[in-house]
Amino acid sequence: MKLYNTMSRQIEEFVPIVPGKVSMYCCGPTVYNYAHIGNLRTYIFEDVLKRTLERAGYEVKHVMNITDVGHLTGDGDDGEDKMEKSAREKGQSVWDIAEFYTKAFFRDEEALNIIRPDVVCKATDHIQDMIALIKRLEEGGHTYTSGGNVYFSIDSIPDYGKLARLSLDDLKSGARIEVDSNKKNPKDFVLWFTNSKFSGQAMIWDSPWGRGYPGWHIECSAMSMKYLGEHFDIHCGGIDAIPVHHTNEIAQSEAATGKTWVNYWCHGEFLLMGNAKMSKSSGGFVTLPSLESEGYEALDYRYFCLTGHYRSQLKFSYEALDAARTARKGLMERLASLRAEAEQQEEVSDSAKSYMKAFDEAMENDLGAPQAVSILWKMVKDNSLSAYDRLSAAEYMDGILGLRLDRKEEKKEERIGSDEDWALVEERKEAKKNKDYKRADEIREELRKRGFSVKDTPSGAILEKIV
Ligand code: AMP
Ligand code: ZN
């Protein structure tokens, strides 16, 4: 198995620490809003990596965190806690916000056929582990307290910024934005906040440094080491995590243990909307439920992601998603007719096996999913193979691609309401988009007269019969 390691900027032969086993940590979502399909691209890449490692014979322990505290809106310890901000805007408690968006995230993961990690750990359940790690850093002389907060001093270690290859100039130039005057070095970062910038911070805990809450980066170090040990194989995330989040995770973990923390750093490239990174703050924010409400299946999006290499940027467009949908449907139809004609064989033929081998080789070469998908197509179209061969090989390949190609076409549920009723639902959606709430309410009333109540769900409005 070969993998690109961001630390060395090279494709390397993967050698696990313990033969036959892989320990893998992936930074999980910050649950203050729906994940957008860019975030989901990263989790699909990690799922494909895990499946490929398992196919290669490794036993994988996959750990993912849920960030439900401490992630500020700015990377340089500026801004406010994303969770608190979201709770205030929505008029709900932070705990409710966390629960709601964690559920929404797992619904998306299930729809995308992403295998649930072996350990899913919430930051708020691990505050004591974080405090213990900060204490260890304090004992090692890597911290200082200023303005009530505990900071990590990047000058206390010799190799800060090695993952991102930050130059001395980068380190000197400091934060792009307002520099926290408590910091000795602008790149120092908060381990523990007691001096909250906002009154009424809901999530706070006692600590040796006063009542407060953890900085964002410490959670990943504390939880990964708790579940995978102080030295593990693979750490994943999106490329935006390289310069700050992962850089700081490495600094504090290696400062605490005095040794190498992670052997392979794997990063997924961005999903682009137009020419820019899809992000929660920009306008072009698309969620999986919104695609589903437009008639796509979640797995059409998974297929679309597999058509690009995880280390290349991928441009989202509805045309490309249409093509993915057509392709996936085409594969499912072919498999359905092969299933009808397949006659049991003792084993698959050598030619089918050679397709399967080529597929594995593509995947084991730094996850060559686009190439693997084209091998699947070539194999399915190869008339020299029996129906049984093709069906078996396709199922084998789908074990990695995770497209649920063997699923029988599901009968769509009968839709409630006439086309006219649904035209009203559409009109209400538009009215709400244009903030014309008066019209939206009129339509709700009109639908009520027609015998329906409208319910807004994460995947769009639905009609329910009033009984
Ligand atoms: P967040 O919930 O904001 O912490 O992000 C979750 C994951 O999605 C992180 O690993 C990010 O690096 C990744 N990510 C954020 N934006 C994108 C994007 N446009 N394309 C791919 N991955 C992304
Ligand atoms: Zn992390």
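Counting starts at 1 for both ligands and their atoms, in listed order.
Distance check, rounded to the nearest 0.5 Å: OG1 of T145 to CG of N149 gives 9.0 Å. Remark: L288 CG to Y296 OH distance equals 12.5 Å, nearest 0.5 Å.
With the Zn ion (ligand 2) at the apex, C27 SG and H245 NE2 define an angle of roughly 120° (rounded to 10 degrees).
If you check which protein heavy atom lies closest to atom 18 (C) of ligand 1, you get F270 CD2, 3.5 Å. Nearest non-hydrogen protein atom to atom 3 (O) of ligand 1 is K280 NZ, 4.0 Å. Looking only at protein heavy atoms, the nearest one to atom 16 (N) of ligand 1 is K277 CE, 3.3 Å.
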Report task. Evaluate the side chain to side chain donor-acceptor pair (under 3.5 Å) criterion for residues S374 and K378: first the C-alpha distance (whole Å), next the side-chain angles of each, then the deciding distance (0.1 Å), finally the verdict. Result -> CA-CA 6 Å; S374 68; K378 197 166 161 222; over 6 Å; no
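Within the structure, ligand 1 lacks A241 among the residues with a heavy atom less than 4.0 angstrom away. Proximity of H36 to ligand 1 is established by a heavy-atom distance of less than 4.0 Å.
Residue K82 has no N or O atom closer than 3.5 Å to an N or O atom of ligand 1. Checking only distances, M278 does come within under 3.5 Å of ligand 1, N or O to N or O. The shortest N or O to N or O distance between R41 and ligand 1 is not below 3.5 Å. In terms of polar-atom proximity, T42 is counted as a contact of ligand 1, with an N or O under 3.5 Å from an N or O of the ligand. Residue G38 places at least one N or O, backbone or side chain, under 3.5 Å from an N or O of ligand 1. Residue-to-ligand polar distances place L271 within reach of ligand 1: an N/O pair is separated by less than 3.5 Å.
In this structure, of N33, I44, D240, T30, the residue bringing a heavy atom nearest to atom 12 (O) of ligand 1 is D240. Atom 6 (C) of ligand 1 has its nearest heavy-atom neighbour, among Y43, W216, F316, in Y43. Taking only non-hydrogen atoms, the option from I242, N39, V31, L314 nearest to atom 14 (N) of ligand 1 is N39.
Cation-pi geometry between R55 and Y396 is met: under 6.0 angstrom from the ring centre, within 45 degrees of the axis. A cation-pi arrangement is found for R116 relative to F106, the charged atom lying closer than 6.0 Å to the ring centre and inside a 45° cone about the ring normal. Seen from the ring of Y4, R311 counts as a face-on cation partner, given the 6.0 Å and 45° thresholds. A cation-pi arrangement is present between K184 and Y144, with the terminal nitrogen or guanidinium carbon under 6.0 Å from the aromatic centre and inside a 45° cone about the axis.
Per-residue contacts place P29 under 4.0 angstrom from the following atoms of ligand 1 (heavy atoms of the residue considered): 2 (O). Those atoms of ligand 1 that come under 4.0 Å of a heavy atom in G238, given as number and element, are 10 (O), 12 (O).
With a 6.0 Å radius and a threshold of 12 heavy atoms from other residues, nucleotides or ligands, K259 has its NZ atom above the threshold.
Contact between I234 and V262 at its shortest, heavy atoms only, is C-CG1, 4.1 Å.
Minimum-distance N/O/S atom of E249 relative to the Zn ion (ligand 2): OE2.
Between E230 and R136, at least one side-chain N (NZ, or NE/NH1/NH2) sits under 4.0 Å from a carboxylate O, which counts as a salt bridge.
No donor-acceptor distance shorter than 3.5 angstrom exists from the side chain of E219 to the backbone of N65, with no hydrogens or angles considered.
Under the 3.5 Å distance criterion, with hydrogens and angles disregarded, a donor-acceptor pair is assigned to the side chains of H126 and Y227.
Contact annotation for E269 and ligand 1: only backbone heavy atoms (N, CA, C, O) come within less than 4.0 Å of the ligand.
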